[in-house]
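Heads up, the thing below is written out as structure tokens.
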Amino acid sequence: MTQRGDELLQSRQAKLAALRERGVDPYPPRFRRSHTAKSAVARFEKAEREGKTARATVAGRIMRMRGMGGASFIDVEDSTGAIQLYLQADALGAGYELLADLDLGDFVGARGELMRTRRGEISVQARRFTLLAKALRPPPDDYYGLRDTEQRYRRRYLDLIVNRDVHDVMRKRSAVIVALRRFFDARGFLEVETPTLVPVPAGAMAEPFATEHHALRRTLYLRIATELYLKRLIVGGMDKVYEIGRVFRNEGIDRDHNPEFTLLESYEAYADYRAVMRMVERLVPYVAQRAIGATTIERDGARIDLRPPWPRLDLREAVRTHSGIDIDDFPDATALAARMREAGVHAAYEESRGRLIDKLVGQFVEPRLIQPTFLVDYPAEMSPLAKLRADDPRYAERFEAFAGGMEIANSFTELNDPVQQRARMEEQEELRRRYQGEELDRVDDDYILALEHGMPPTGGLGIGVDRLVMLLTGQRSIRDVALFPQVRSIDE
RNA sequence: GGCCCCGUAGCUCAAUGGCAGAGCGCCGGGCUUUUAACCCGGGCGUUUUGGGUUCGAGUCCCAACGGGGCCA
């Protein structure tokens, strides 16, 4: 804290002491308000139309004060909006003295008649005026807001105090999650909760966070996906399950990556990835309608129409069309890397074939997928948990859904052959040894044991909830759709 | 991981290598229908941190820390 900050603090602490001196409780335990700012305004407007008078008790945080000597105006805000308090020395008597020890950021309550001032502002003409909570530090500048991104993320409460549009984004985020639940619940899916702390960090190609369990004397990991536990439930006969949960990936932080994010996964027995496509192209517009009241969105000047059907685009064809490279001509990673470098792509020779193809998709295909699109049939080595195509085992029955140039969903016909599953997981381990540092999946023996008991044909789905919210709210950074994104800690 | 940009008062921002400033906020005074209220007075600062160059550094150089962007 700077010296100046201390002076501000001291000034407010002095006021706090003065209030206590006069017998004012600066933190009273409760206050009954009759109206929110918004409902008080509505009540007045109704009374005004009917030629009646109305009273209200409101409460909120002081955001602006205009003192005029014997009269003062205070704008207070609550979660619904703002309302002006009109305070007069004559009407309040001793209560008016409170004003001298108030600051921006304090919470106050007022009761009185609702009125309209000469300038037309609907106000509470206070008969009673109470301090509800003294703030020792000031809110950010009300007019300019809080623009410093670091402070906005690090001290989100300050951001929320002055940047009201953040409330709107977060309300929409909540509405997205409510809508997702409603969609799956209505289709007979059961919402379940699976472990966050797991012995094997499998189910996705990602680096895990590790932690120590003292009593068990073993390393546990924060889950990187919910997939393998949900499929254990399919083995157990829960035919339709879903989970909305936080997963953790020990990776870099950028505009669309936060180390923890919200993932929705669903699994449906007797469905395949084509059935899941049909579900997804209905799910997304459903959620959009409920969360933002529309099934089209504007982004980068483009109008994105979320309504079905969404085009299916073959991955190999899409890569060939946009990059000129036919991945089938390069079954070997080194040769593919050479061809990519020829095409001007930054490709190291020590990268796995799956990673190289991912790079091709990311560079040549993804940015073009502005309208919702299913990219279909991924190479087998990129999809160790997916069932291979019967007609071409180089590819898996897998799709990813894109919109606004962003991946929003990943799905496959689940691999339910335990013998092949072990081999495919072992292939991942082998690739990890060969391409050190790459994020690849792991063998989960306990999961394979479950598969050995038999899993019906199943269609699975994963949706990045944060990215879906980004898409629907027009936000460019995952940090703007998460209340408390990861920030570096500052040593005090 | 590499490259680029940024960090000045509580907040938003200025300052050619030459006395660190403004608006809001804050402090003191005035004002009984204001609303970015207004009027009078007050600048409240380790210019992120640590080195270096220079007669002189907010400004130039190096490093660290924090933030943002582009690439991997």
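So you know, we letter chains A, B, ... as the sequences are listed, proteins then strands, and number each from 1. Keep in mind the model is a prediction, meaning the values are calculated, not measured.
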How long is the line joining [atom1] of [X] and [atom2] of [N], in whole Å?
X	N	atom1	atom2	result
A:Leu158	B:U12	CG	P	10 Å
A:Arg155	B:C11	CZ	C1'	12 Å
A:Gln363	B:C71	CD	P	9 Å
A:Glu251	B:G1	CD	P	14 Å
A:Ile161	B:C11	CD1	C1'	13 Å
A:Ile62	B:U35	CD1	P	19 Å
A:Glu77	B:U35	CD	C1'	13 Å
A:Gln151	B:U8	CD	C1'	15 Å

Within residues 110-121 of chain A: residues closer than 4.0 Å to RNA chain B (heavy atoms): A:Met115, A:Thr117, A:Arg118, A:Arg119, A:Glu121
Close residues, residues 92-102 of chain A, relative to RNA chain B [heavy-atom separation under 4.0 Å]: none
Stepwise side-chain hydrogen bond (donor to acceptor under 3.5 Å, both in side chains) check, A:Arg43 with A:Ser34: CA-CA 11 Å; A:Arg43 176 170 162 83; A:Ser34 67; over 6 Å; no
Could you point out which residue of [options] forms a side-chain contact (heavy atoms from CB on, under 4.5 Å) with [X]?
X	options	value
A:Leu313	A:Thr321, A:Leu369, A:Val376	A:Leu369
A:Phe31	A:Val108, A:Leu131, A:Leu132	A:Leu132
A:Met470	A:Ile478, A:Val465, A:Ile408, A:Asp480	A:Ile478

Give the nucleotide from the list [options] with an atom nearest to the side chain of [X].
X	options	value
A:Met68	B:G10, B:G69, B:U33	B:U33
A:Leu146	B:U35, B:G25, B:U12	B:U12
A:Tyr86	B:G25, B:A72, B:U33	B:U33
A:Arg64	B:A37, B:A72, B:C11	B:A37
A:Glu150	B:G23, B:G67, B:C27	B:G67
A:Val487	B:C11, B:A72, B:G67	B:G67
A:Leu104	B:G67, B:U33, B:G25	B:G25
A:Lys359	B:A72, B:C11, B:A37	B:A72

State plainly whether the residues [X] and [Y] are in salt-bridge range, i.e. N to O under 4.0 Å.
X	Y	value
A:Glu427	A:Arg434	no
A:Arg339	A:Asp329	no
A:Asp168	A:Lys172	yes
A:Asp358	A:Arg355	no

Rounding to the closest angstrom, what is the interatomic distance between [N] and [M] at atom [atom1]?
N	M	atom1	answer
B:G66	B:U49	P	15 Å
B:A72	B:U16	C1'	40 Å
B:G50	B:G42	C1'	35 Å
B:U46	B:G7	C1'	15 Å
B:G67	B:U8	C1'	16 Å
B:A20	B:A15	C1'	7 Å
B:G21	B:G29	P	27 Å
B:C38	B:G25	P	8 Å

Need one value for [X]: base, sugar-phosphate or nothing, where a base atom within 4.0 Å counts as base even if backbone is also close, heavy atoms only.
X	answer
A:Gly67	base
A:Leu87	nothing
A:Gln84	base
A:Asp148	sugar-phosphate

A:Arg66 and A:Asp75: CA distance, side-chain angles, deciding distance, salt bridge (charged side-chain N to carboxylate O under 4.0 Å, His left out) verdict: CA-CA 9 Å; A:Arg66 293 172 294 281; A:Asp75 296 340; 3.0 Å; yes
Is [N] paired to anything, Watson-Crick or G-U wobble with both distances less than 3.5 Å, and if yes, which nucleotide?
N	value
B:U53	none
B:G1	B:C71
B:C31	none
B:C44	B:G25
B:G66	B:C6

Inter-residue atom distance A:Met382.CE - A:Gln428.CD, 0.5 Å rounding: 10.5 Å
Interatomic distance, A:Tyr395 atom OH to A:Glu381 atom CD [nearest 0.5 angstrom]: 8.5 Å
Chi angles and distances behind the ring pair (Phe, Tyr, Trp, His ring centres under 6.0 Å) call for A:Tyr86, A:Phe73: CA-CA 5 Å; A:Tyr86 177 39; A:Phe73 297 90; 4.9 Å; yes
Residue met sooner reading RNA chain B from 5', once A:Ser477 and A:Ala347 are mapped to nucleotides: A:Ser477
Of A:Pro138 and A:Asp254, the one whose closest RNA chain B nucleotide lies more 5': A:Pro138
Does [N] have OP1 or OP2 sitting under 4.0 Å from an N or O in the side chain of [X]?
X	N	value
A:Arg147	B:C11	no
A:Arg66	B:A37	yes
A:Ser11	B:C27	yes
A:Lys15	B:C27	yes

Plane angle bin for A:Phe399 and A:Phe374 - parallel if under 30°, tilted between 30 and 60°, otherwise perpendicular: perpendicular
